[in-house]
Amino acid sequence: MVKVYSKALVQSIEINRILGRLEGDTAGPTIIFTAGIHGNEPSGVFALVKVLDDIKSKNIVVRGKIYAIAGNLSALQQGVRYNREDLNRMWNEERVEWLLKEDKIIKNEEDYEQYQLYTIISQILEIDNGPFYFVDLHTTSSPTKPFITVNDTLLNRKFTEQYPVPLLLGIEEYLEGTLLSYINQLGYVAFGFESGQHDAPSSIENHIAFVYLTLIYTGVILKVGVDYDTYYTILNRSTEDLNHAYEIVHHHKIGQDEDFYTKPGFTNFEQVKKGQQIATSNSVPVLTPLKGNIFMPLYQKKGEDGFFIIRHIPSIFLSLSSLLRKLQVDRMLAILPGVSWISDQKDALRVDLRVAKFLAKKFFHLMGYRSRRINENFLIVKNREAVSKNKEYRNTTWYRNSY
């Protein structure tokens, strides 16, 4: 058990890895909330404890199971993002294979934290019934309006469209080794929610509202006995001036020994011009390479992501993308010059950019592929849709209404 402090509430609570677990008398979905995977983001932890306590005290009927799990306990206790490694950048194929080894050597705090999380999640998937939903709660170092981060699959997109907050699609192309990307590769609905600035009281309020909406949208609880309209309005009022969906068009990554400092005053979704100074790096001005909206500018000591530039995705693009994926038009991509399958499952393509110069990244996004550049000549694109467990969600209300 560790003690976690909230600057927003000026309050401490003692928590275990499992913040809470509720099981209903009737069958239903299993929803897994994680919070505090970054130790300087306690807002989600306090929100989950509050919601679970309320559900129990008000005798709200639960269908299925609810899990609330704390991420990086040691970092939460110290109020730091992480100790040795960013726990939300460790979920790559190599590290997960290491977790499976019986003779693994745990070298630091984050090794232990990851092993604990992996064990709990694996046990839930093995023992409990689906459909499964994974929700990772976060906050940001800069002031922000609430938003959802989601790997761009139709399954994820259709479920998260229920919320009155904007979606940021395809962040997995820029952030490697996140917990949600690992879960998405297993085929389940999984997404993150950023509620506000780390220590803002409104961040806890937004998290509470989002958790309640999630429980309702998944069918774990009913609207009866829950102030649904209030929770919906809390999120809707704070984001009604934003567009429905965005994508990242630029990522400024910070080097290991780089002295990076963001200019004060930037907030998420604020418009910026090409050539505008955002920060300084080793006393040299850092200018935006293109116009758009600034996203997650770094205002903390730890972290390797200086800032992102995002742009609105037109609704016509989203509709076309959905149609092309449903028709599985991507199966014909390998007949194009410079494009070939590199997977027996036909879920990954190798693109020779010297030949296929006409194929831009946006084209592959339409088809449901994320890209990774090997070098200046070759691109690997992997299908986001191939592993989605659509059958598991087929009988849910939201799935039937959206397909």
Side-chain angles (χ1 to χ4, degrees), residues 88-89 91-93 134-136 138 140 144 146-161 163 165-194 239 242-253 268-269 289-297 304-326 329-330 333 347-349 351 353 359-374 379-388 390:
N88 207 30
R89 301 292 185 273
W91 298 86
N92 53 46
E93 186 175 339
F134 289 83
V135 185
D136 194 20
H138 285 270
T140 62
T144 187
F147 62 93
I148 291 170
T149 58
V150 58
N151 285 20
D152 185 13
T153 65
L154 292 183
L155 202 58
N156 279 338
R157 197 193 293 178
K158 292 299 181 183
F159 181 79
T160 54
E161 282 176 351
Y163 298 92
V165 297
L167 310 180
L168 180 73
L169 301 176
I171 196 169
E172 72 273 19
E173 282 190 326
Y174 298 90
L175 302 183
E176 294 185 8
T178 65
L179 173 60
L180 289 178
S181 287
Y182 165 69
I183 298 298
N184 271 133
Q185 288 167 12
L186 299 179
Y188 302 108
V189 170
F191 54 96
F193 176 64
E194 305 272 359
T239 60
L242 297 178
N243 291 305
H244 168 64
Y246 295 83
E247 66 176 343
I248 296 172
V249 294
H250 175 72
H251 175 206
H252 183 90
K253 197 168 183 177
N268 261 0
F269 297 100
L290 36 76
K291 69 176 182 178
N293 302 80
I294 193 169
F295 185 71
M296 293 203 295
E304 60 182 16
D305 307 303
F307 64 89
F308 299 85
I309 302 295
I310 61 175
R311 284 180 181 165
H312 164 54
I313 305 174
S315 58
I316 185 65
F317 187 91
L318 294 172
S319 298
L320 177 60
S321 171
S322 296
L323 177 62
L324 293 175
R325 296 185 198 189
K326 289 174 185 177
V329 176
D330 67 292
L333 289 176
D347 63 353
L349 291 162
V351 183
L353 297 174
L359 293 179
K361 184 185 288 188
K362 277 198 171 186
F363 176 82
F364 290 109
H365 287 174
L366 273 171
M367 302 292 185
Y369 285 78
R370 62 182 175 90
S371 64
R372 179 171 60 86
R373 185 179 292 273
I374 299 177
L379 201 67
I380 297 296
V381 293
K382 191 168 184 179
N383 194 330
R384 297 174 170 108
E385 303 291 347
V387 297
S388 289
N390 291 280

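Only a predicted model underlies this, so the values are computations on that prediction, with no experimental measurement involved.
- Between the E247 side chain and the I313 main chain, no donor and acceptor come within less than 3.5 Å of each other.
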When you look at V135 and F191, which way does the side chain to side chain contact (heavy atoms under 4.5 Å, CB included) test go after all the steps?
CA-CA 5 Å; V135 185; F191 54 96; 3.6 Å; yes

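- Interatomic distance, CD1 of I309 versus CG of N293, reported as 8.0 Å (0.5 Å rounding).
- Separating the CG atom in L349 from the CE atom in M367 is a distance of 10.5 Å, to the nearest 0.5 Å.
- Note that CG of L180 is 4.5 Å distant from CG of D136, once rounded to the nearest 0.5 Å.
- Between V150 and L169 the shortest side-chain heavy-atom distance falls below 4.5 Å.
- Residue L168 holds its CG atom at 6.0 Å from CD1 of I310, rounded to the nearest 0.5 Å.
- Between W91 and T178 there is no side-chain heavy-atom pair separated by less than 4.5 Å.
- Once rounded to the nearest 0.5 Å, the distance linking CZ of F363 with CG of L324 reads 8.0 Å.
- The two atoms that bring T140 and E194 nearest to each other are CG2-OE1, 3.3 Å, heavy atoms only.
- The closest donor-acceptor contact from the side chain of H312 to the backbone of A245 lies under 3.5 Å.
- Here the side chain of N156 pairs a donor or acceptor atom with the backbone of N151 at under 3.5 angstrom.
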Could you go step by step and tell me if L318 and E161 meet the side chain to side chain contact (heavy atoms under 4.5 Å, CB included) rule?
CA-CA 12 Å; L318 294 172; E161 282 176 351; 5.6 Å; no

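- Minimum heavy-atom separation, Y369 to D347: CE2-O, 3.9 Å.
- Considering only heavy atoms from C-beta on, E173 comes within 4.5 Å of H365 through its side chain.
- In this structure, the side chain of N88 engages the main chain of L179 through a donor-acceptor pair within 3.5 Å.
- P166 and F269 get closest at one heavy-atom pair: CG-CZ, 4.2 Å.
- Contact check for R157 versus R384: no side-chain heavy atoms found under the 4.5 Å cut-off.
- The side chain to side chain donor-acceptor pair (under 3.5 Å) search around H252 returns none, not counting sequence neighbours.
- Put simply, the residue from Y246, F295, F308 that forms a ring pair (Phe, Tyr, Trp, His ring centres under 6.0 Å) with F147 is F295.
- Taken to the nearest 0.5 Å, the OG atom of S321 stands 6.0 Å off from the CG atom of L154.
- Y163 places none of its side-chain heavy atoms less than 4.5 Å from the side chain of P146.
- Ring geometry for H251 against Y174 counts as perpendicular: the plane angle is over 60°, on a 0 to 90° scale with 30° as the lower cut.
- Annotation: side chain of R89 is in contact with side chain of E304 (closest heavy-atom distance under 4.5 Å).
- Remark: the backbone N or O of L242 is not paired with any side-chain donor or acceptor of T239 at under 3.5 angstrom.
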